[in-house]
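These figures come from a predicted structure and were not determined experimentally. Residue numbers start from 1 in every chain, and the chains themselves are labelled A, B, ... in the order their sequence lines are given, proteins ahead of strands. Note that these values count all heavy atoms, side chains included, but never hydrogens, waters or copies made by symmetry.
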Amino acid sequence: MGLSNEEVAARLNEIADLLDLLGERFKPEAYRRAARSIESLPEGLARFAERGALRTIPGVGEAIAGKVDELLRTGSLAYLEKLRADIPAGVLELMRLPGVGPKTARRFWTELGIEGTSALAEAIDAGRLEGVKGFAAKKIAQLRAATGRATSGPAPTSARRPIEQVWPIARSILDVLRGVPGVRQVEIAGSFRRAREDVGDLDVLATATAPAAVFDAFSALAAVQEVRLRGPTKETVVLTGGLQVDLRVVEPEAFGAALQYFTGSKDHNVRLRSLAREQGLKVNEYGVYRGEQRIAGATEEDVYGALGLAWIPPELREDRGEIAEAASGRLPRLVEPGDLAEEWHVHLPRDATERDAARLVAEAKRRAIGTVGVVVGVAEGGGWQPQLAAEVLTALQRSRGPGLRLPFAAETRGDPTGLVPADLLSSGAEYLIAVPEPLSSRDAAPPPLPVRLLAHFGGPPEVIGPALDRARAWGAAVEIGPGSDRLDSAAARTARLAGVPLAVPTGLARSPDDPIEAVALGFARRAGASRAEVANARDPGRPPRPAPKVRGPPRSGPPRR
DNA sequence: GCCGTTTTCGGCCCGACTGTTTTCAGTCG
């Protein structure tokens, strides 16, 4: 079993850190860029290596391709082993302390012989830092706090967390800040806006007539554990639970430029700025400049427009060719929130009542969802497990009224091919939702009912590949969204490119505040999916359903004028 | 170490904030 993409990326990042400690200027960033690129690949590196295509990965040139190849073949890398031998592991640890970068870690190591976090703590206690150039009382206190935190567990801010966990936090921050008098615009930028699966921190941007009031409200958020820094335009806090949140208040003329800049990705921005340079322009977080003159900045549309580009949806800003597409008008029209018109996969609780059935129907009508597929039972190995009481099924049918379709579905665990329990066929189910656990790759008899959906699965490319083959053969869609039992955006992209339609869950049977629809829709957009590529979206030509009335971060649609 | 519709060499984003500074270095994003 070879190394995963994540493992290879981790080793490249380690090389970058070690080269940083050696004072290298540009190599570390080159290794990090290659690592970022590899982390976001939609398929395994081994496939690239087989095709001899490692160097087609952005940021991977001759030298890194050779090192990746060595890692894939042997599981280790002589170059990395040499670096590890030269630099004590504890020095890397030091560099990861907040407020300690490569320069400081290197000084600890070479000037003071401090080779780890606990050695640093001892040195501080022994007063060895006093009188050393660059270390005054405040800095030493900061370091003492940092080493204390480090010894009682990993630094809380370092971990990225799933976007669906961060979503409710983001929503409550927006709710509070939008209520502050004088606030005009508030948006969350960063990887959250790009709908990345995992989010490291939140970047909040605002415009306001009285910035101080916004900062005060921000500092006073109930979840704030610590205010890390506060300046005239920027404040950083850490919430209980460790999530770091940055707030910047900018002037309205620069809001679009700031939103663009802080949404990233880094690689997207680097390419955008180099495009600007070719045109004799300069882009920064304040605007697009020709010489001293600002020619754009208030909206993102203006910023991209000033560079001759169409507005690029945040979910596509990963430097995967989107800038060239925006220049030539070839950007896809991504699926939008109002496009979802059907829900194929609803589970009601086992003890659901007629009232639950009525509530589901009412919610579908409120959200203008015209088809709701309810799972009536599970078929597994020739057995049949009903999921809902007969009265509930009757209540569903009775309360639906005109204009709502309520087909029943059966879930099949494992391969549905040749599976014909009599109960399944008499259950009223119209279609199957197949759960690959896994599916056999051989072709056999056709399933007893149409398979519309593959659901409750996710995982690495080698698990997803065979499932996608079966989905395509059956004409089934695959369910995407947050969690380990749905496909993430990289897998969704693979599916889309293989011609397999995507299914976006609407969270119809969940709490109205559940972010599953927004998150899954973000993944679909990240995968580059148009409405036609989402199986449960409305037909082309039909009007969009009215936007559901949910509180929270607006979807990142094109800027309105 | 990577990269190129002005380049196979010479660039590589850049501004805010902090702490220790008398004009700046380091870190961070």
Side-chain angles (χ1 to χ4, degrees), chain A residues 12 15-37 54-68 79 94-108 129 131-143 146 155 157-158 189-191 199-205 227-236 238 244-250 254 257-258 260-289 308 319 323-324 327-328:
Chain A
L12 296 180
I15 291 174
D17 287 346
L18 291 165
L19 291 173
D20 250 342
L21 284 167
L22 295 180
E24 289 280 355
R25 293 269 282 143
F26 296 106
K27 286 186 192 183
E29 209 27 55
Y31 277 95
R32 290 196 183 97
R33 170 157 155 68
R36 284 196 299 274
S37 206
L54 286 175
R55 294 197 55 184
T56 65
I57 300 167
V60 176
E62 188 181 346
I64 293 183
K67 293 184 172 73
V68 170
Y79 180 67
L94 286 173
M95 198 175 87
R96 299 198 174 114
L97 296 174
V100 179
K103 301 273 169 49
T104 311
R106 185 177 164 81
R107 285 192 63 201
F108 284 142
L129 255 51
V132 179
K133 187 161 176 273
F135 298 99
K138 264 189 161 168
K139 188 78 193 170
I140 292 173
Q142 188 193 72
L143 287 168
T157 54
S158 62
S191 52
V199 172
D201 60 11
L202 287 177
D203 297 300
V204 188
L205 290 176
V227 177
R228 277 263 164 94
L229 57 87
R230 179 167 172 174
T233 65
K234 178 188 168 180
E235 176 169 346
T236 296
V238 177
Q244 180 172 316
V245 187
D246 296 334
L247 169 66
R248 290 177 174 82
V249 180
V250 304
Q260 193 290 317
Y261 183 87
F262 289 108
T263 296
S265 68
K266 185 173 185 164
D267 294 327
H268 174 89
N269 285 355
V270 167
R271 187 163 298 267
L272 199 70
R273 284 191 290 272
S274 88
L275 177 72
R277 212 172 37 235
E278 288 166 13
Q279 301 178 4
L281 302 172
K282 191 178 98 158
V283 183
N284 60 23
E285 65 256 56
Y286 300 107
V288 182
Y289 292 84
D319 189 25
I323 288 177
S328 61

Is there a donor-acceptor contact under 3.5 Å from the side chain of [X] to the main chain of [Y]?
{"X": "A/Arg248", "Y": "A/Lys234", "value": "no"}
{"X": "A/Asn284", "Y": "A/Gly287", "value": "yes"}
{"X": "A/Ser37", "Y": "A/Gly59", "value": "no"}

How far, in whole Å, is [M] from [N] if one measures between their [atom1] atoms?
{"N": "B/dT21", "M": "B/dG10", "atom1": "P", "result": "39 Å"}
{"N": "B/dG15", "M": "B/dT20", "atom1": "P", "result": "25 Å"}
{"N": "B/dC12", "M": "B/dT7", "atom1": "C1'", "result": "13 Å"}
{"N": "B/dG11", "M": "B/dT6", "atom1": "C1'", "result": "14 Å"}

Rounded distance (Å) that lies between atom [atom2] of [N] and atom [atom1] of [X]:
{"X": "A/Leu272", "N": "B/dC14", "atom1": "CG", "atom2": "C1'", "result": "14 Å"}
{"X": "A/Tyr289", "N": "B/dC14", "atom1": "OH", "atom2": "P", "result": "13 Å"}
{"X": "A/Glu24", "N": "B/dC12", "atom1": "CD", "atom2": "P", "result": "18 Å"}
{"X": "A/Ile15", "N": "B/dG1", "atom1": "CD1", "atom2": "C1'", "result": "11 Å"}

(message) To the nearest 0.5 Å, what is the distance between NE2 on A/His268 and OH on A/Tyr261?
(response)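 Output value for this atom pair is 13.0 Å.
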
(message) For A/Lys282 and A/Arg55, find the nucleotide of DNA chain B closest to each by heavy atoms; which residue's nucleotide sits nearer the 5' end?
(response)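 Closest to the 5' end, via its nearest nucleotide, is A/Arg55.
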
(message) I'd like to check, for A/Phe26, whether its ring lies over the base of B/dC12 with centroids under 5.5 Å apart and a plane angle smaller than 30°.
(response)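 Ring-base stacking flag set for A/Phe26 and B/dC12.
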
(request) At under 4.0 Å between heavy atoms, which parts of nucleotides 18-29 of chain B does protein reach? Answer with one letter per nucleotide, 5' to 3': B base, S sugar-phosphate only, - none. (result) SSS-----SSSB

